[in-house]
Engineer: 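Quick one: the structure is below, questions incoming.
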Amino acid sequence: MQDAWYDADIERVIVNEEQIQDKTDELAAQIAADYASVDHLLLICVLKGAVMFTADFARALGRQGIPVDLEFMAASSYGQGTTSSGVVRILKDLDRDVAGRHVLVVEDIVDSGLTLSWLLKYLESRSAASVEVVTLLRKPGAMRSAPPLKYVGFDIPTEFVVGYGLDYAERYREVPYVGVLKPEVYTRPKL
Ligand code: PRP
């Protein structure tokens with residue numbers, strides 16, 4: 001197969017497509033067992049980064065025989081430069097009430113943990129029956145807040161990664177694997 005345009009910008013692959021697929025199936029099997037008695041688990045996808053993982057994870061749960069409902073939220077963390085402040089603004093709220101529902105928040109990455117800590121408090125204040133988190137990636141070295149993470153795909157180094165939903169300046173979200181960008185990408189003039 002011909003190299004994709006983005007391959008030349010990636011210095012190193014951190015998690016490849018097969019590893020993502022295998023881990024998604026493994027997490028879905030574990031979660032299907034844990035939620036076997038729950039009627040319609042509610043998946044909350046945190047836009048935009050989690051969109052790829054949510055799509056694959058929801059289908060993996062479907063193959064395990066677990067019916068799910070899907071909701072989407074978008075939040076932005078106020079901060080200066082690259083530092084997150086932990087103060088979160090809701091850009092897109094839930095369309096439906098979560099009161100009494102068993103909720104599973106689906107994240108692509110937990111970095112400082114500040115966004116998720118805020119989000120979990122918010123969902124608890126909306127009277128969900130239970131709230132847990134599944135995240136494909138976690139950066140243990142970067143965490144400033146330690147929200148309870150029951151389901152974690154991969155622990156990765158504290159490096160800036162793109163792909164499988166994660167972006168640099170809104171690009172690289174469609175890359176099918178997770179990788180580190182070459183340093184020259186950051187200094188390249190924007191097209
Ligand atoms: C990313 C990611 C998480 C959050 C994690 O979203 O999807 O939601 O940052 O960071 P934290 O643990 O340091 O709070 P981002 O704000 O980049 O938005 P996006 O998903 O739309 O790219």
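We count ligands from 1, going down the list as the structure has it; atoms in each ligand are counted the same way.
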Engineer: Below 4.0 angstrom from a heavy atom of Ser112, which ligand 1 atoms are there? Numbered from 1 as shown, please.
Structural biologist: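 The atoms of ligand 1 under 4.0 Å from a heavy atom of Ser112 are 11 (P), 12 (O), 13 (O), 14 (O).
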
Engineer: When the ring planes of Tyr35 and His102 are compared, do they come out parallel, tilted or perpendicular, using 30° and 60° as the limits?
Structural biologist: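 Geometry flag for His102 against Tyr35: perpendicular rings.
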
Engineer: With salt bridge (charged side-chain N to carboxylate O under 4.0 Å, His left out) as the criterion, how do Lys182 and Asp9 come out once you've worked through the C-alpha distance, each side chain's angles and the decisive distance to 0.1 Å?
Structural biologist: CA-CA 6 Å; Lys182 289 180 179 164; Asp9 289 355; over 6 Å; no

Engineer: side-chain contact (heavy atoms from CB on, under 4.5 Å) with Tyr122: which of Val98, Val131, Val88, Asp93?
Structural biologist: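 Of Val98, Val131, Val88, Asp93, side-chain contact (heavy atoms from CB on, under 4.5 Å) with Tyr122 is met by Asp93 alone.
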
Engineer: Is Glu26 salt-bridged to Lys23, cutoff N-O under 4.0 Å?
Structural biologist: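 A salt bridge is present here (some side-chain N lies under 4.0 Å from a carboxylate O).
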
Engineer: For atom 3 (C) of ligand 1, which of the options Met73, Glu170, Lys48, Glu107 provides the nearest non-hydrogen atom?
Structural biologist: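 Among Met73, Glu170, Lys48, Glu107, the closest heavy atom to atom 3 (C) of ligand 1 belongs to Glu107.
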
Engineer: To the nearest 0.5 Å, how far apart are OH in Tyr151 and OG1 in Thr135?
Structural biologist: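 These two atoms lie 14.0 Å from each other.
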
Engineer: Rounded to the nearest 0.5 Å, what separates atom CG in Leu70 from atom OG1 in Thr54?
Structural biologist: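 Reported to 0.5 Å precision, the distance equals 7.5 Å.
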
Engineer: Going by the atom numbers of ligand 1, which of them fall below 4.0 Å from some non-hydrogen atom of Leu47?
Structural biologist: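 Those qualifying, in numeric order: 20 (O), 21 (O).
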
Engineer: When only distance counts, is Gly49 in polar contact with ligand 1, meaning an N/O pair under 3.5 Å?
Structural biologist: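 Yes; at least one N/O pair falls below 3.5 Å.
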
Engineer: With heavy atoms of Asp167 as the reference, note each atom of ligand 1 found under 4.0 Å away.
Structural biologist: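 So the answer, numbered in order with elements, is 22 (O).
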
Engineer: Heavy-atom contact check, 4.0 Å cutoff: does Ile109 meet ligand 1?
Structural biologist: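 Ile109 counts as a contact of ligand 1 under the 4.0 Å cut-off.
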
Engineer: Heavy-atom distances under 4.0 Å are what count here, so tell me which part of Asp108 touches ligand 1: side chain, backbone, both or neither.
Structural biologist: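 It is the side chain that gets close, since no backbone atom is under 4.0 Å.
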
Engineer: A quick test of your reading: do over 12 heavy atoms of other residues, nucleotides or ligands sit less than 6.0 Å from NZ of Lys92?
Structural biologist: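 Yes, the 6.0 Å shell around NZ holds more than 12 heavy atoms from other groups.
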
Engineer: Less than 4.0 Å is my threshold; does some heavy atom of Ala50 fall inside it relative to ligand 1?
Structural biologist: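 Ala50: no contact with ligand 1 (<4.0 Å).
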
Engineer: Please find the pair of heavy atoms, one from Arg101 and one from His40, that lie closest to each other, and give the distance.
Structural biologist: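 In terms of heavy atoms, the two residues are closest at NH2-O, 2.8 Å.
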
Engineer: Backbone, side chain, both or neither: what part of Arg138 comes under 4.0 angstrom of ligand 1, heavy atoms only?
Structural biologist: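 For Arg138, there is no contact with ligand 1 at all, from either part.
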
Engineer: Using a 4.0 Å heavy-atom cut-off, say whether Leu166 meets ligand 1 through its side chain, its backbone, both or neither.
Structural biologist: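 Neither; no heavy atom under 4.0 Å.
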
Engineer: Is Gly113 close to ligand 1, meaning an N/O of one under 3.5 Å from an N/O of the other?
Structural biologist: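 Gly113 vs ligand 1: N/O contact under 3.5 Å present.
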
Engineer: With a 4.0 Å cut-off on heavy atoms, is Lys139 in contact with ligand 1?
Structural biologist: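 Flag not set, Lys139 not near ligand 1.
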
